[in-house]
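A short worksheet on the structure shown next.
Since we're looking at a predicted model, the values are computed, not measured. Chain naming here is simple, since letters A, B, ... match the order of the sequence lines and numbering starts at 1 in each.
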Amino acid sequence: MKRQKIANLLKTEKPIENILLKGWIRTKRDSKTFSFIEVNDGSCLKNIQIVVDEKTPDYSEIKKLTTGSALAVWGNLVPSQGGGQKWEVQATKMDIISVALETFPLQKKRHTDEYLRTIAHLRPRTNKYGAVFRIRSELCWAVHQFFRERGFRYIHSPLITGSDCEGAGELFRVTTLNPPIPMISNEKIDFSKDFFCAESNLTVSGQLSAEMFALSLGDVYTFGPTFRAENSNTSRHVAEFWMIEPEMAFCDLTGNMDLGETLIKYLITFAIDNCAEDLDLFARFVDKTLMKTLENIVSSDYVHLPYKDAIDILLGANESFEFEVAYGSDLQSEHERFLTEKHFKKPLIIYDYPKSIKPFYMRLNDDDETVAAMDILVPRIGELIGGSQREERLDVLEKRMVLSGLSKENYWWYLDSRRYGTVPHSGFGLGFERLLMLITGVSNIRDVIPFPRTPGNIDF
RNA sequence: UCCCCAGUAGCUCAGUCGGCAGAGCGAGUGGCUGUUAACCACUAAGUCCGCGGUUCGAGUCCGUGCUGGGGAGCCA
């Protein structure tokens, strides 16, 4: 007999005889001669109520079951006599698959996110975290669906990279060297003795790879893990996270901004349409304004604002900032929050940033002062997307690399793409966990990734 | 890495002026004929984060370290 998922059983329109379900006990209420057992199998947020009485074989054992124990239940799905649920299972037979020890840490009460983080291996068994990770899974599918519908190809960019610098960000070194470490001098490690015969690191971005494939397959995207060794201790940063990076040939900054806006709206709409039950938990218990926020992001046209206009608004604002606002300096978190949360009250795309504060690969504008960069800022999260039109002109790119202190030799293959049929192209990076924070209202990035990696934390 | 706050039972917290270590929930045991965070009764449960100091006496005051949270920087 095949087990049925609780999500499907609860969707039924009429009673079903002779079913088998399996799952874990979330809570149990006993009377003298019968018990109510609520079972969850992870297929949906809701539990199914099992009614079991003393006529069921081994009832005395069943009555002793603890929260967290695993069960197989045979019985009939019937309309519930109680008020809290439409259907319930009248059990005819029950197998105890395993009994959870009484030290099971998840109790029938609300736990703090901080405590649940210390038992990250068990937290997906709670309502809230089960919902987070079901939504995470659904949105992964939505990402692929979005790009596939638009003719994008999915590229697997390498996780181990030999590029000595892919832009900003501290790198995690990958090595098989063991002590005594071979040295060239007191300071310099002899990487020619290492696995790849060169210094290698975990990737901080798939962008350079994606550019090569955009210039071959047209429109491509990567979606995979990304690593940053920054000592960041905030609710918005983790050392290992998942990033979506589309890259489009024959596409300028405007097309890039449009794709970013369309993608965000698509993913939020997908969640509203396909994750309603789980999303409702967040709207009720995590952030009361969640649905309003999401509807605002889906229905509004995003503001397009050149960097210099953003500075003008900030300079004219009747608001005291901790950091000075000035042309040429980067926008601080407080400035971005002011613009998106207070001034415009909707998502905002800032573009044409000064070249001095952006990486070498961004396309230099005709003014020779700014680059074709764009950041999409959303209320509560701040920067959700960062991208640019790429510098396709060989001579300009080479000059900017030299100014950034990068060696042209190491990027020979990257520069080749500008030698052989170079074309305008654009792309961006979207932090998948930040998107999940936006959609669920969860305020700490550590709570939307299964086992978060942050400075000092590698457990699980 | 910097600034601010916190750490007391399994969990969430209270603990007054420096003077006997507390509650709710959870757990265990028993009771209860339809429960919904069930209900009723009883029981067990503590390195008061670590180290050092002040004091007759420290959960409480001082120093320091560790851990967690919020904010900042870096960014997605």
Side-chain angles (χ1 to χ4, degrees), chain A residues 26-38 46-54 63-64 66-68 78-85 88 90 100-119 126-127 167-170 204-207 223-245 260 285 321-323 330-337 357-359 375-378 381-387 428-438 443-449 454-457 459:
Chain A
R26 279 294 175 79
T27 179
K28 183 165 73 80
R29 295 173 289 272
D30 295 315
S31 222
K32 188 176 187 178
T33 57
F34 61 97
S35 303
F36 298 100
I37 303 176
E38 285 194 38
K46 283 202 179 78
N47 305 325
I48 199 163
Q49 175 164 285
I50 315 292
V51 188
V52 54
D53 65 28
E54 57 187 346
K63 207 170 179 181
K64 280 189 277 187
T66 52
T67 304
V78 299
S80 177
Q81 296 170 34
Q85 57 287 313
E88 67 187 15
Q90 290 285 352
L101 299 180
E102 68 210 31
T103 51
F104 185 61
L106 294 172
Q107 305 172 359
K108 294 185 273 187
K109 59 176 259 186
R110 192 189 165 275
H111 287 295
T112 60
D113 294 324
E114 290 78 20
Y115 172 65
L116 291 171
R117 240 169 262 154
T118 70
I119 49 169
T126 64
N127 289 339
E170 291 292 313
V204 295
S205 164
Q207 179 198 320
F223 181 18
T226 309
F227 307 89
R228 305 273 167 95
E230 250 105 40
N231 188 15
S232 295
N233 291 285
T234 80
S235 54
R236 305 185 310 283
H237 292 88
V238 276
E240 179 185 77
F241 64 98
W242 284 62
M243 187 155 62
I244 300 156
E245 293 182 285
F285 300 117
F321 296 114
E322 190 189 338
F323 292 89
D330 212 352
L331 298 175
Q332 306 293 315
S333 281
E334 58 173 346
H335 305 142
E336 296 179 345
R337 292 187 68 135
I357 57 173
K358 291 292 181 186
D375 284 354
I376 302 187
L377 311 177
V378 294
I381 307 297
E383 186 178 340
L384 181 61
I385 280 180
F428 61 79
L430 185 155
F432 187 55
E433 283 77 17
R434 288 191 182 172
L435 177 85
L436 288 170
M437 292 170 73
L438 176 69
S443 56
N444 195 312
I445 197 167
R446 297 173 181 92
D447 298 332
V448 294
I449 190 166
T454 53
N457 291 297
D459 281 348

* To do: Keeping the roles fixed (side chain from A:T66, backbone from A:A100), state whether a donor-acceptor pair exists under 3.5 Å.
  =>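 Such a contact is found between A:T66 side chain and A:A100 backbone.
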* Would you confirm whether A:T234, through its side chain, and A:R236, through its main-chain N or O, come within 3.5 Å as a donor-acceptor pair? =>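 Pair found, side chain donor or acceptor close to backbone of A:R236.
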* Side-chain donor-acceptor contact under 3.5 Å, A:N231 with A:N233 ->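 A donor-acceptor contact under 3.5 Å links the two side chains.
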* **A:Q85 and A:S80: side chain donor to acceptor below 3.5 Å** =>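 Looking only at side-chain atoms, A:S80 and A:Q85 do form a donor-acceptor pair, the distance falling under 3.5 Å.
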Could you go through nucleotides 37-39 of chain B and list every protein N or O atom that sits under 3.5 Å from one of its N or O atoms, giving the distance for each pair?
unit_1: B:rA38; atom_1: OP1; unit_2: A:K108; atom_2: NZ; d: 3.4
unit_1: B:rA38; atom_1: OP2; unit_2: A:T27; atom_2: OG1; d: 3.4
unit_1: B:rA38; atom_1: OP2; unit_2: A:R29; atom_2: NH1; d: 3.1
unit_1: B:rA38; atom_1: N6; unit_2: A:D30; atom_2: O; d: 2.8

Roughly how many Å apart are [M] and [N], using the [atom1] atom of each and rounding to a whole number?
| N | M | atom1 | result |
| --- | --- | --- | --- |
| B:rA38 | B:rA76 | P | 46 Å |
| B:rG28 | B:rG69 | C1' | 34 Å |
| B:rA6 | B:rU12 | C1' | 14 Å |
| B:rC20 | B:rG46 | C1' | 15 Å |
| B:rC51 | B:rC66 | C1' | 10 Å |
| B:rC25 | B:rA58 | P | 34 Å |
| B:rG22 | B:rA45 | P | 13 Å |
| B:rA72 | B:rA37 | C1' | 39 Å |

Nearest-Å distance, [atom1] ([X]) to [atom2] ([N])?
| X | N | atom1 | atom2 | result |
| --- | --- | --- | --- | --- |
| A:E230 | B:rC75 | CD | P | 7 Å |
| A:I445 | B:rG69 | CD1 | P | 13 Å |
| A:K63 | B:rU33 | NZ | C1' | 11 Å |
| A:I50 | B:rU36 | CD1 | C1' | 14 Å |
| A:F34 | B:rU35 | CZ | C1' | 7 Å |
| A:F428 | B:rC75 | CZ | C1' | 16 Å |
| A:Y115 | B:rG26 | OH | C1' | 10 Å |
| A:D53 | B:rG34 | CG | C1' | 12 Å |

Phosphate oxygens OP1/OP2 of [N]: is one of them under 4.0 Å from a side-chain N or O of [X]?
| X | N | value |
| --- | --- | --- |
| A:T234 | B:rG70 | no |
| A:T33 | B:rU33 | no |
| A:S232 | B:rG73 | no |
| A:Q332 | B:rG73 | yes |
| A:N233 | B:rA72 | no |

Choosing from [options], which nucleotide comes nearest the side chain of [X]?
| X | options | value |
| --- | --- | --- |
| A:E114 | B:rG68, B:rU36, B:rC25 | B:rG68 |
| A:S333 | B:rG26, B:rG73, B:rG70 | B:rG73 |
| A:T66 | B:rG73, B:rG28, B:rG68 | B:rG28 |
| A:T67 | B:rG10, B:rA27, B:rC74 | B:rA27 |
| A:E102 | B:rG70, B:rU35, B:rG28 | B:rG28 |

Would you say that [X] contacts [Y] through its side chain, given a criterion of any heavy-atom pair below 4.5 Å between the two side chains?
| X | Y | value |
| --- | --- | --- |
| A:W242 | A:F223 | yes |
| A:R434 | A:V378 | no |
| A:T126 | A:L106 | yes |

Indicate, with a heavy-atom threshold strictly under 4.0 Å, whether [X] touches base, sugar-phosphate, or nothing.
| X | value |
| --- | --- |
| A:V238 | base |
| A:E336 | nothing |
| A:F323 | sugar-phosphate |
| A:E245 | nothing |
| A:L384 | sugar-phosphate |
| A:E322 | nothing |
| A:N127 | nothing |
| A:T103 | nothing |
| A:R117 | sugar-phosphate |
| A:G82 | base |

* **Distance in Å, A:I381 CD1 paired with A:L435 CG, rounded so as to fall on 0.5 Å steps** =>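 Answer for the CD1-CG pair, A:I381 versus A:L435, is 8.5 Å.
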* **Ring centre gap for A:H335 and A:F323 strictly below 6.0 Å** =>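 No, the ring centres sit 6.0 Å or more apart.
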Could you tell me which nucleotide pairs with [N] by Watson-Crick or G-U wobble geometry, both distances under 3.5 Å, or answer none if nothing does?
| N | result |
| --- | --- |
| B:rA21 | none |
| B:rC32 | none |
| B:rG46 | none |
| B:rG63 | B:rC51 |
| B:rG68 | B:rC5 |

* **Comparing A:F104 and A:I385 on RNA chain B - which has the more 5′ nearest nucleotide** =>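 Closer to the 5' end of RNA chain B: A:F104.
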* To do: Assign each of A:L331 and A:G84 to its nearest nucleotide of RNA chain B by heavy atoms, then name whichever residue's nucleotide is nearer the 5' end.
  =>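 Comparing both residues, the 5'-ward one is A:G84.
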* Would you please name every residue forming a side chain to side chain contact (heavy atoms under 4.5 Å, CB included) with A:R337, sequence neighbours left out? =>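 With neighbours one apart ignored, the set is A:E341.
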Any donor-acceptor pair, under 3.5 Å, between the side chain of [X] and the base of [N], if you only look at N and O atoms?
| X | N | value |
| --- | --- | --- |
| A:H111 | B:rC11 | no |
| A:E170 | B:rG73 | no |
| A:Q85 | B:rU35 | yes |

* **Neighbour count above 12 (heavy atom, 6.0 Å) for A:K63 NZ** =>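 Check passes, neighbour count above 12.
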* Among A:Q49, A:R29, A:K28, A:K46, find the one that has a side chain to side chain donor-acceptor pair (under 3.5 Å) with A:E38. =>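 For A:E38, the side chain to side chain donor-acceptor pair (under 3.5 Å) test succeeds with only one of A:Q49, A:R29, A:K28, A:K46, which is A:R29.
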* Is the aromatic ring of A:F241 within stacking range of B:rA76, meaning centres under 5.5 angstrom and planes under 30 degrees? ->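 By the stated criterion, A:F241 and B:rA76 stack.
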